[in-house]
Amino acid sequence: REGRRARALGAYLGFAVGDALGATVEFLSAEEIAESYGVHRRMIGGGWLGLKPGQVTDDTEMCLAVGRAILALGRFDPCSMAEELVRWYRGRPVDVGATCLQGIRRYLTDGSLDALPSRWHGGNGACLRNLPVILATLGDEEAFGRWTIGQCHFTHNHRFSDAGTLALGEMVRSLVGGEGISGARAAADRLIARHPVFAFDPHPASSSGYVVDTIQTVFFTFFGSDSFASCLIATVNRGGDADSTGALAGMLAGATYTAEGIPRGWLRKLSAKVVNEIESQVDGLLALADTRKR
Amino acid sequence: LCKIEAVIKPFKLEEVKEALTEIGIAGLTVAEVKGFGRQKGHTEIYRGSEYTVDFLPKVKIEVVLEEELVPKATEAIIKAARTGKIGDGKIFVIPVTEAIRIRTGERNEHAI
Amino acid sequence: LCKIEAVIKPFKLEEVKEALTEIGIAGLTVAEVKGFGRQKGHTEIYRGSEYTVDFLPKVKIEVVLEEELVPKATEAIIKAARTGKIGDGKIFVIPVTEAIRIRTGERNEHAI
Amino acid sequence: LCKIEAVIKPFKLEEVKEALTEIGIAGLTVAEVKGFGRQKGHTEIYRGSEYTVDFLPKVKIEVVLEEELVPKATEAIIKAARTGKIGDGKIFVIPVTEAIRIRTGERNEHAI
Ligand SMILES: Nc1ncnc2c1ncn2[C@@H]1O[C@H](COP(=O)(O)OP(=O)(O)O)[C@@H](O)[C@H]1O
Ligand SMILES: Nc1ncnc2c1ncn2[C@@H]1O[C@H](COP(=O)(O)OP(=O)(O)O)[C@@H](O)[C@H]1O
Ligand SMILES: Nc1ncnc2c1ncn2[C@@H]1O[C@H](COP(=O)(O)OP(=O)(O)O)[C@@H](O)[C@H]1O
Ligand SMILES: [Mg+2]
Ligand SMILES: [Mg+2]
């Protein structure tokens, strides 16, 4: 129980830390990062969004919105999540992904909760906000699959986004359950077996926001490192969609090395408001998972 | 796809932008233009004599959007831009056959 | 409804406005633009060396009007804007699916 | 006939003009506009406090051309204007029912 909380909290805090750390270098290439920062490893904010040190972006904020919606009703309801995302959007967040915005706009226009399938929905926006679903359904694999697809399809309806999000969820379930990196590796291998496009050796071709590139990058750095800090530093310094790859890497590494494994210096830079809401959501979602246990 | 061109009073730009953002429209292109219409320009003194500037500064907003959103968008613009005094401006809706996001090559409803 | 976009030499604006007013068109929107075409820009001296400014200042007039008036309006613009020298400009006619007067909500032919 | 409207980053104007000239398009009309979108404006200090200017200067290129040339032209614009960073801009294609060269009265494909 204790271990599970430490790993779940590690996943969610790790996600926020990766978001804030990577945001400084989002959209820069590895070469540009090396030129400007040497090795980027400090919470200094800035970046293309002009952030304060430790400030999170849409990646973490969407997670919090999804978590709020789940906790309000005690279950996933697509309409409730849509309303929560609209509320977040209307609060003028620091960034909103292009495809996420299209989904929110569609919902505001006609109330529909499902995006039509599109070849252009291969971005990582839906994959990024799935952590609350994962934590709320630790005891119910069927609900995990159903809720994941339900929330993804609000904005992104693409088989690689679906498959990648499910696989990352399986990995987090297995890590939080204490099965260690080998359990996570098995889940990653299953994804690659079904969709070889996700193969990440010798190394990812790119670290863009395309869900395949994002997940290849996260697999590469997570399986190639042995601590939270080394995983995140390797991830964000590859550049590209660095806040998103950073967040997902932080999620996996946090679930592995627990909240204790996150460097204090990074954690301290997150706003108290964000940390408090994450902690309260983790407890609420785990409690929900227990009531849903099959 | 359609393009809305709205010619409005300059001080109304912020309000119109807000109203469009509320309904999920966050991207637009804006130009400073001169308007000639029923609203009369003002009188200026230049080198001692008075003359009428017969145009008025206006702002032209261009937003490309899906056809289904046009009624909501025009309603939002009207509500935000209207003062009830002459010169409030016009909205024109124009067909757009194709849209492309230069950065990614995304097309049409995925371009905006 | 149609929109006429006329790109003309700046000094011709007054004359073109007059010509349109004569045929009952008193509302239009005008923008300062840069034109690139066969007409060559001028040469300027900057820090001692000569260089060609390859664009020319133009004025772009936009007037939305009923389809039946387009032939008369284009004829009026041509007559007023033509000098016979390269760079006189272009007229483009574009379809307009809807027009609204913001102040009153009037639509289409009642909006202009 | 179609009109391409391309909203691009200002420093890309020269490159885009070159690319269009390469495929035989030498006439275009350009305007300075303000862009609002996902790309953030810059921060300015005014009377001691920091604030964000929320628009970005953009350049809007308008080129009227024959329909068959649109794919080539959009491809050329994309290639020249793309940096891969947010804010690269948009291309919109709009129908043109008529074009006239003011100087000669030539119509449509002979007008451009
Ligand atoms: N036919 C038209 N085509 C294009 N723009 C027009 C037209 N008529 C008016 N406008 C624009 O609309 C603005 C407002 O028009 P005006 O006649 O002064 O007031 P109102 O629209 O309130 O009746 C003008 O300053 C001009 O920019
Ligand atoms: N294909 C085009 N699309 C849009 N505007 C154009 C086009 N070609 C020319 N123009 C505009 O028309 C103006 C005049 O064109 P130019 O070729 O110099 O002379 P002319 O029209 O007398 O032959 C240009 O400065 C530009 O503003
Ligand atoms: N719906 C729209 N209609 C008209 N112009 C738009 C629209 N959306 C964006 N633009 C223009 O495109 C520019 C770039 O948009 P932006 O969202 O910043 O980046 P990107 O196109 O790279 O996704 C904006 O500054 C604005 O000039
Ligand atoms: Mg982000
Ligand atoms: Mg990102």
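Scope of the values below: all heavy atoms of this structure, side chains included, with no hydrogens, waters or symmetry mates.
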Rounded to the nearest 0.5 Å, how far does CZ of D/F55 lie from CG of B/L13?
-> 9.5 Å
Chain D to chain B donor-acceptor contacts, backbone plus side chain, under 3.5 Å:
residue: D/E5; atom: OE1; partner: B/K3; partner atom: NZ; Å: 3.0
residue: D/E5; atom: OE2; partner: B/K3; partner atom: NZ; Å: 3.2
residue: D/K34; atom: N; partner: B/V30; partner atom: O; Å: 2.8
residue: D/K34; atom: O; partner: B/V30; partner atom: N; Å: 2.8
residue: D/K34; atom: NZ; partner: B/E32; partner atom: OE2; Å: 2.6
residue: D/F36; atom: N; partner: B/L28; partner atom: O; Å: 2.8
residue: D/F36; atom: O; partner: B/L28; partner atom: N; Å: 2.9
residue: D/D54; atom: OD2; partner: B/K17; partner atom: NZ; Å: 3.1
residue: D/K60; atom: NZ; partner: B/E62; partner atom: OE1; Å: 3.1
residue: D/K60; atom: NZ; partner: B/E62; partner atom: OE2; Å: 2.6
residue: D/R82; atom: NE; partner: B/I102; partner atom: O; Å: 2.8
residue: D/R82; atom: NE; partner: B/R103; partner atom: O; Å: 3.1
residue: D/R82; atom: NH2; partner: B/I102; partner atom: O; Å: 3.0
residue: D/G89; atom: O; partner: B/I102; partner atom: N; Å: 3.0
residue: D/K90; atom: NZ; partner: B/A111; partner atom: O; Å: 2.9
residue: D/I91; atom: N; partner: B/I100; partner atom: O; Å: 2.9
residue: D/I91; atom: O; partner: B/I100; partner atom: N; Å: 2.8
residue: D/V93; atom: N; partner: B/E98; partner atom: O; Å: 2.8
residue: D/V93; atom: O; partner: B/T97; partner atom: N; Å: 2.7
residue: D/V93; atom: O; partner: B/T97; partner atom: OG1; Å: 3.0

One should read off an interatomic distance between D/I91 CD1 and B/I102 CD1, to the nearest 0.5 angstrom, of 4.5 Å
How would you list, by chain and number, every residue that makes a side-chain contact (heavy atoms from CB on, under 4.5 Å) with B/P57, sequence neighbours excluded?
-> B/P10
Heavy-atom pairs under 4.5 Å with chain B, option from D/V7, D/I86, D/I77 with the top count = D/I86
With a 4.5 angstrom heavy-atom cut-off, which part of B/A99 approaches chain D: side chain, backbone, both or neither?
-> both
Counting heavy-atom pairs under 4.5 angstrom with chain B, the leader among D/I78, D/L56, D/V93 is D/V93
Whatever's closer than 4.5 Å to a heavy atom in chain B on D/A81 counts as both
Side chain, backbone, both or neither: which part of B/I94 has a heavy atom under 4.5 Å from chain D?
-> side chain
Indicate the atoms forming the closest heavy-atom contact of B/P95 with D/P95, along with that distance.
-> O-CD, 3.4 Å
Once you round to the nearest 0.5 Å, how far does CZ of D/F36 lie from CD1 of B/I61?
-> 8.0 Å
When you look at D/V33 and B/V30, which way does the side chain to side chain contact (heavy atoms under 4.5 Å, CB included) test go after all the steps?
-> CA-CA 6 Å; D/V33 295; B/V30 170; over 6 Å; no
